Amino acid sequence: MNDIFGTYIREKRTRLQQANKRYSLRQTAARIGIEPSYLSKIERGEQSYLSEEKISALALDLDEDPDVLLALNGKISRDIQEIIRKRPQLFARLIRELKNMPDQAVLKLVREVRDGDW
Amino acid sequence: MIELKHDHLVFSFPDIHPDAKISIGFQRTLRIPDDGKTYPLPPGLGVFPLKHIDDYTVPPAWARHGGVMLPMYQSEAMWINFNTTYIPDRGTAYPFAVKVATGKIDALTGTPWKNKLTRDPQDYMISTRQPWLDGYCVEKDLIRQFVAMPLGSGYSAEEQITGRAEHGGLQIIVYPMRKEVFERRFPKIERTAVMEPFIGAPAAGEAVLCEAESFDMGLAPGGKMHQEIYEDPFNFNDWDRDTHSRCFIHIANSLVWRAITGDVPPTVPFTAKEYTNSGLPWFEYYDDQAKSIDGSNILAKLKSVIQKGMDKGENPLPENQGVTPDNIRVIKPGNRVREGDF
């Protein structure tokens, strides 16, 4: 059971629903292709399984970062798994070393799109 | 700063506001027939993949420009979506002024690229008003679709206006609203919200187009469609014109993309005829609260790909049969979705 994931989803969806009825349980479930009763169970923490594709679709629908929702659901996206598999020692070391680094310092490592001369 | 996330360019201004973010994606779509008729908005068929220029061996000019690249087939069309994050306790997303150019020619005014905003004529869009841009603003409420053609073949807007095939690609610059103006105009609220986020999910499609010979692609004016470009509802001084981020988006033809990246580009999209005959939806978007700007006299004089092809004795668009869309969905600002699994 995953209360954190379910609670997070429920709070975000109901907040959006207050502004727009399209975020009702039924309509949200329909857009991501699951039964409303199943989404309800997930929101109550009675079910936790959702595929990576469904979690990503839910993230897009709720304007959330797919990586955040996947992490709350105990998953890592396939593309990140693939990145780690290619250089497992390097990335394991990198992640451990960044573990306690403050957000601002980690953000300095975020890659920016370079603007050149044009 | 600009990051590349899930094939979108994410412009953020953390020093201005933690929620000052806009995600810009480049949607694959049908090429609407270039037959003189005015069409509704075609669907989104998934985003084009984006890659950092710096990760690959590319032509020296591309390396100098920096930015990103994406693949397009010759005569393939695209539209650009502006995706802002709704801030519930403000009842809005953070507003941005966004300028788009192709080959360093402004897509709204037809004037040469400038690293600044111009109010009259308005050469930028407002991210919270304008969900999409599909082409060149040739008349009020009428655009000509962005269609990829080889740079140097004479079809691109850049070549038609400047007589030179120099830049190609797309250029985007984003300006945030001033922080103090945002705080004043959109103070924190308890629960009420007035605008919704723009949300969408990509899909894929198939059709037949020709592969280009030139490695560098430019965008050219294609068929006509109804699209309003909305007036700036704010004061010109509301924009933080000293703060901006900009990006050069190079367009590689599909063969060059494969050679540079080793990746296979997306399949070519449906033709308009295949799509329409399948009964799939087209779209019309109306915002009753917003006024639209006039078209550009410069862009109005551009020849469409078909018109230019006739001048040159060529047939640049082999699949150009007119269609009659009868499944048209009307979209309002509260539900700005025109992508999905079709």
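Every value quoted in this text rests on a predicted model; they were computed, and no experiment measured them. Sequence lines set the chain letters: A, B, ... in the order given, protein chains first and strands last, and positions in each chain run from 1.
One finds a salt bridge joining B:D55 and A:R111 here, because a Lys/Arg side-chain nitrogen approaches an Asp/Glu carboxylate oxygen to under 4.0 Å. Of the charged side-chain nitrogens involved, none lies within less than 4.0 Å of a carboxylate oxygen, so that B:E158 and B:K104 do not count as a salt-bridged pair.
Within the 4.5 angstrom heavy-atom criterion, only side-chain atoms of A:D67, from C-beta onward, approach chain B. Of the two parts of B:H6, only the side chain, counted from C-beta on, holds a non-hydrogen atom closer than 4.5 Å to a non-hydrogen atom of chain A.
By number of non-hydrogen pairs under 4.5 angstrom with chain A, the leading residue of B:Q171, B:E3, B:H65 is B:H65.
Relative to the ring axis of B:W79, B:R28 does not place its NZ or CZ within 45° and under 6.0 Å from the centre. Because its NZ or CZ atom is both nearer than 6.0 Å to the ring centre of A:Y23 and within 45° of the ring axis, A:R31 counts as a cation-pi partner of that residue.
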